[in-house]
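The structure appears below as structure tokens.
Proteins get letters first, then strands, A, B, ... in listed order; numbering begins at 1 in each.
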2 protein chains.
Amino acid sequence: MIAVWHCQGVTSPSTAGAVRQGSLRELNLAVVLRRIATADRPPSRAEIAAETGLTRATVSAVVDDLIGGRLVAEAGPAPRTGAGRPARGLVLAGDGPAGLGLEVNVDYLAACVVDLAGTVRHHVVRRADLRPVSPADALARLAALAADARAAAARQGLTLAGAALAVPGLVDAGGLVRLAPNLGWRDVDVPALLAGHRLTEPVDGVPPLVVENEANLAALGELHAGPPGSASFLQISGEIGIGAGIVLDGRLYRGARGWSGEIGHIPVHPEGRPCRCGGRGCLERYAGQEVVLAAAGLAGADLPADTAATRLAELAAAGDPATRTALADAGTALGVAVAGVVNLLDLDTVVLGGGYAPLAPWLRPPVVAELSRRVLTAAWSPVTVRPAALGARSAAVGGAASVVRRIVDRPVGWLAHSG
Amino acid sequence: MIAVWHCQGVTSPSTAGAVRQGSLRELNLAVVLRRIATADRPPSRAEIAAETGLTRATVSAVVDDLIGGRLVAEAGPAPRTGAGRPARGLVLAGDGPAGLGLEVNVDYLAACVVDLAGTVRHHVVRRADLRPVSPADALARLAALAADARAAAARQGLTLAGAALAVPGLVDAGGLVRLAPNLGWRDVDVPALLAGHRLTEPVDGVPPLVVENEANLAALGELHAGPPGSASFLQISGEIGIGAGIVLDGRLYRGARGWSGEIGHIPVHPEGRPCRCGGRGCLERYAGQEVVLAAAGLAGADLPADTAATRLAELAAAGDPATRTALADAGTALGVAVAGVVNLLDLDTVVLGGGYAPLAPWLRPPVVAELSRRVLTAAWSPVTVRPAALGARSAAVGGAASVVRRIVDRPVGWLAHSG
DNA sequence: TCATTTAATTCAACCGTTGAACAAATTGCG
DNA sequence: CGCAATTTGTTCAACGGTTGAATTAAATGA
């Protein structure tokens, strides 16, 4: 007989999930804060008690802690009809912790600050061609943007509790950028290069800097900012390479080694065009930006990535036949690859982000056509294909939002810091 | 500014995760039981305290509850060297709850019983061609096997706490089999058809019957029974169609509507052979069992699925060139599709299950070859391709194990039942 | 035989939730 | 305008369960 309890790969936290006496309050702080964060309008203590099953006494005590720690504030009492003491609404504080989102891409650097409520309080994009620049230099420039963002946050009464950096490549745990081909980076230890810069305040339980693939952070941004409805979706970002952020059941899926999302190397013509990855017939050889530019007669123009997308959108909007054909062919190839993914993962939404977002009007029809004919369940349940809600800044915003999410998921770290 | 707290698709349990006074003991029962279940050798109370961070007093009290509820038993004290009170080892009880695993497939019915320790205590496969049989009839025959299994369990002092049924098709939440093409089933309400049969004892928190796709349950079985090492893998099952169970980060991934795993409809030649799904060039038209049988000269033999796989394995082992070429071609197509999946999902293990398991010696080399040339990270981190550890009974065992897993994850349901 | 060591049990204290009681703040009716 | 009714928020003694320390149990080895 074969034992089935050797569960593989799942490593437990150090206390293995044990619930200590102190865990009660810690977890209930998170539950109540989450309830305030996700409410459609400011809830009262009594409403929170009704929804969570905790008593009004407990909710009152927990809310006292959250108010004391500047995570929550009271709104004015709501006007009411009928007898009864007016309820005090509770909202997320606008002057407590915030997340710092950073991004290095081929032709720009970005920094933004997102507060607890998810509001973007600062956002700067600095244009620069970063391919000829060393990683140390690029990160030094980024640190300057981060310092500006930190100062701007302080002026607004916000404390940066952590940072997340988006890069266009494969990132190991620990922040080592294994390969970012578009930047020419290989084995770049980003945390080490940024170690001399104080980006944020130390908060227990929040790593000071998380380095993550930009498609993954963009998907996180989209998860929170997108229209309601889908907890599983694919967000595709098409530049030279084609990457994807994958959200399954409301959570970002990073893969066994953190290298998920390489949709550009799905074979769409198995013995087709050679690819720089060593394979043949990869999606990026049929729907990558270089291919579309060449087919549109723009090969060798050496445009920055987002300028290239804008240029293609302008040509397509003007009715240029070569550009429209190139985008239709790219959309068809993309549709073939995505159809396979949808069949395998049973996704109901596909988001066109990155360089594909401005080209969505011309990419979407052939993608939808391929999905209609190749997805097994398409007749019952069509797949939604839409452009990204956040547009170009989704990676930095997603990164900042992920920092803020850690505070909401575990408020005691912040409360210990500020109390 | 765009709010990011409208988190979509994640529905909370009724108390929204609030931790009540009673939650302490409930959660710690689960923590301690999990520790006993996953230990390499019987742990003592002191060891459990050291590993979980709970005090020895608390662990002692929790273990008293688990022993009283017949979930845990004490082993004899271990011989020790040096002074000190000998420790009493703790093991999962062999005479408490068990799970019932059931399976309906094209040419057989199966029932098995798995106890808390994961040991298979009863397993029966009844051969029958179920395609001409109505769903009601097929399920009536299955209920008879289940009654036999229940009696056998009772004779061994086991109580069946829930059942899981594996079917070869798309299953909605609630157990409606939307489509099982190989059985000719469409919109079959399995729980309603089995409602007149008492399969198991009612246990709080354990659904009496879960209906699930067989590739998914097979993957669950493999997750627990497979060799240590991978929390993310794809388990492929090739019969007429080709399905997959997907395990990501230690959890079964079912998809937005529960219809994940349709790897057979990944396009490998976009304008290739027409498929019955309406698309062209789908994997199942290149690597499905019917295609391999035809290429091996066995078309029209109308063999049962697993007999067909056995027959193909015999021919290949005997060196039949047509069979070997057919398997090599199928392996190549399979490798192309799987390479795309591995690039997207960053998996490090692929398991050949179902009808592919006996053919693994001939399928594996071309699959590995395609992965080597098409997976972006293959040079750094090769993908493991291996046959399934559980073989043909993995779906029923996986189903039974998932029932048992619910007991271990929430022992208070069982304790309330038996106390 | 007894000191030493380790495991398991017992115990009073503490933390945080709890249900009930009480206080506060309204509306609406007579 | 006064007051009953109603709802929200706060206070309080009690309780459940964990806790750290003390005690008991069960061995080994000098």
Side-chain angles (χ1 to χ4, degrees), chain A residues 15-32 35-36 41-68 72-90 411-412 415, chain B residues 15-32 35-36 41-68 72-90 411-412 415:
Chain A
T15 55
V19 185
R20 319 296 304 273
Q21 190 65 42
S23 306
L24 273 173
R25 180 52 61 98
E26 174 169 332
L27 289 165
N28 284 333
L29 283 163
V31 164
V32 170
R35 179 63 53 165
I36 294 167
R41 51 164 188 75
S44 66
R45 294 162 177 80
E47 284 172 326
I48 294 171
E51 285 154 3
T52 60
L54 294 167
T55 63
R56 291 195 306 252
T58 299
V59 173
S60 187
V62 170
V63 166
D64 282 349
D65 285 350
L66 294 171
I67 290 175
V72 157
E74 283 188 318
R80 61 172 301 137
T81 60
R85 181 174 171 174
R88 297 300 298 265
L90 299 162
V412 287
L415 293 177
Chain B
T15 55
V19 185
R20 320 298 303 274
Q21 189 64 41
S23 305
L24 271 172
R25 180 51 60 97
E26 175 169 332
L27 289 164
N28 284 333
L29 284 162
V31 164
V32 170
R35 179 63 55 168
I36 295 166
R41 48 162 188 77
S44 66
R45 292 163 176 83
E47 283 171 328
I48 293 170
E51 285 153 5
T52 60
L54 294 167
T55 64
R56 286 182 313 213
T58 299
V59 173
S60 188
V62 169
V63 166
D64 282 350
D65 286 349
L66 293 171
I67 291 176
V72 157
E74 281 188 318
R80 61 174 300 142
T81 60
R85 181 173 170 173
R88 298 298 299 263
L90 298 163
V412 289
L415 292 177

Start and end of the DNA chain C segment that chain B contacts, any atom under 4.0 Å from a heavy atom: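 Nucleotide range in contact with chain B: C:dT4 to C:dT18.
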Within residues 75-87 of chain A or reaching into it, pairs that qualify as side chain to side chain donor-acceptor pair (under 3.5 Å) - sequence neighbours excluded: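 Qualifying pairs, neighbours excluded: none.
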How far does CG of B:Leu24 sit from CG of A:Leu27, to the nearest 0.5 angstrom?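 One finds 9.5 Å between CG of B:Leu24 and CG of A:Leu27.
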Measuring from atom CZ of A:Arg20 to atom CG of B:Asn28, what distance do you get when rounded to the nearest 0.5 angstrom?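 With rounding to 0.5 Å, CZ (A:Arg20) is 9.0 Å from CG (B:Asn28).
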Taking only residues two or more places apart in sequence or in another chain, which ones pass side chain to side chain contact (heavy atoms under 4.5 Å, CB included) with B:Ala46?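 Partners of B:Ala46 by the side chain to side chain contact (heavy atoms under 4.5 Å, CB included) criterion, ordered by chain and then number, come out as B:Ser44, B:Arg56.
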Need to verify one output field. Residue with the more 5' nearest nucleotide on DNA chain C, A:Asn28 or B:Ala61?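 It is B:Ala61, whose closest nucleotide lies nearer the 5' terminus.
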N/O to N/O distances under 3.5 Å, protein versus nucleotides 7-11 of chain D:
{"residue": "D:dT7", "atom": "O2", "partner": "A:Arg85", "partner atom": "N", "Å": "2.4"}
{"residue": "D:dT8", "atom": "O4'", "partner": "A:Arg85", "partner atom": "O", "Å": "3.2"}
{"residue": "D:dT8", "atom": "O2", "partner": "A:Arg85", "partner atom": "NH1", "Å": "3.4"}
{"residue": "D:dG9", "atom": "OP1", "partner": "A:Arg88", "partner atom": "N", "Å": "2.7"}
{"residue": "D:dG9", "atom": "OP2", "partner": "A:Arg45", "partner atom": "N", "Å": "3.3"}
{"residue": "D:dG9", "atom": "OP2", "partner": "A:Ala46", "partner atom": "N", "Å": "3.0"}
{"residue": "D:dG9", "atom": "O4'", "partner": "A:Arg85", "partner atom": "NH1", "Å": "3.1"}
{"residue": "D:dG9", "atom": "N7", "partner": "A:Arg56", "partner atom": "NE", "Å": "3.4"}
{"residue": "D:dG9", "atom": "O6", "partner": "A:Arg56", "partner atom": "NH2", "Å": "3.2"}
{"residue": "D:dT10", "atom": "OP2", "partner": "A:Arg45", "partner atom": "NE", "Å": "3.3"}
{"residue": "D:dT10", "atom": "OP2", "partner": "A:Ser60", "partner atom": "OG", "Å": "2.4"}

Counting only pairs under 3.5 Å, give me each side-chain donor-acceptor contact of residues 60-67 of chain A, with atom names and distances, residues two or more places apart or in other chains.
{"residue": "A:Asp65", "atom": "OD2", "partner": "A:Arg25", "partner atom": "NH1", "Å": "2.9"}

Roughly, in whole Å, what's the span from CD in B:Gln21 to P in D:dT19?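 Those two atoms, CD and P, are 12 Å apart.
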Closest approach of A:Pro86 to A:Pro77 (non-hydrogen atoms, all atoms of both residues):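 Heavy atoms of A:Pro86 and A:Pro77 come nearest at CB-CB, 3.9 Å.
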List the residues meeting salt bridge (charged side-chain N to carboxylate O under 4.0 Å, His left out) with A:Glu74, not counting sequence neighbours, and say none if there are none.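 Once residues adjacent in sequence are excluded, the partners of A:Glu74 under the salt bridge (charged side-chain N to carboxylate O under 4.0 Å, His left out) criterion are A:Arg45, A:Arg88.
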pair B:Val31-A:Val19: side-chain heavy atoms closer than 4.5 Å: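 A side-chain contact under 4.5 Å is absent here.
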